[in-house]
Amino acid sequence: MDNYLIIIEKQENNYSAYCPDVPGCIATGNTIDETRNNFLEALDFHFEGLKEDGIPIPEPSSSFAFASDNCTGVLNIRTKKSTHLKLIKIAEKENVSVSHLVNDTIIKQYG
């Protein structure tokens, strides 16, 4: 699966998620992680239905930017499973978390 922008919004009693590039596909959950996982399952199911109906799967085209300099310090990224597995193996060898490994790599590359 390509990298699609997923918008997760806090609602009154839970969270909801959607993707601007895939109209009609939504999901909810009690936590951000649950909502993300539910949305990814819904996205897979949605794409299966599009394939069965002979409808092309939309290409990801959305991106994001913060409206201010008030960054949270949290960065969520999606990678191929094979890339994630490689990162896990490297992090285990270096005895650090994957987050620590990625953070250090970004700092080394971009300062």
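Since we're looking at a predicted model, the values are computed, not measured.
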To the nearest 0.5 Å, what is the distance between CG (Asp44) and CZ (Phe39)? 10.0 Å
Test: salt bridge (Lys or Arg N to Asp or Glu O under 4.0 Å). Region: residues 88-107. Which pairs qualify, not counting sequence neighbours? none
Cluster link Leu85 to Val98, ILVMFWY, side chain under 4.5 Å: no
Hey, is CG on Leu101 packed in by over 12 heavy atoms from elsewhere, all under 6.0 Å? yes
May I have the step-by-step check of ring-ring contact (aromatic ring centres under 6.0 Å, His included) for Phe47 and Tyr4, ending in yes or no? CA-CA 13 Å; Phe47 286 169; Tyr4 289 87; 5.5 Å; yes
Side-chain heavy atoms of Ile6 within contact of Thr35, under 4.5 Å: no
When hydrophobic residues are tied together by side-chain contacts of less than 4.5 Å, even through go-betweens, does Val102 share a cluster with Ile107? no
Could you report the tightest heavy-atom contact between Asn38 and Thr28, atom names first, then the distance? ND2-O, 2.7 Å
Can you tell me how far CD1 of Ile32 sits from NZ of Lys10, rounded to the nearest 0.5 angstrom? 8.5 Å
If you measure from CD1 on Ile7 to SG on Cys19, what distance do you get to the nearest 0.5 Å? 8.0 Å
Would you say NZ of Lys81 has more than 12 non-hydrogen atoms from neighbouring residues, nucleotides or ligands within 6.0 angstrom? no
Output the distance between atom NE2 (His100) and atom OG1 (Thr105), rounded to the nearest 0.5 Å. 9.0 Å
Indicate yes or no: at least one non-hydrogen side-chain atom of Tyr15 is less than 4.5 angstrom from one of Arg36. no
Are there over 12 heavy-atom neighbours, none belonging to Asp53, within less than 6.0 Å of that residue's CG? yes
Closest approach of Val22 to His46 (non-hydrogen atoms, all atoms of both residues): CG1-CD2, 3.3 Å
What's the shortest heavy-atom distance between Gln11 and Ser16, and which atoms? NE2-OG, 2.9 Å
Is any side-chain heavy atom of Pro60 closer than 4.5 Å to a side-chain heavy atom of Asn3? no
Measuring only between side-chain heavy atoms, which start at C-beta, is Cys25 closer than 4.5 Å to Phe45? no
How far apart are the closest heavy atoms of Pro56 and Leu50, and which atoms are they? O-CD1, 4.3 Å
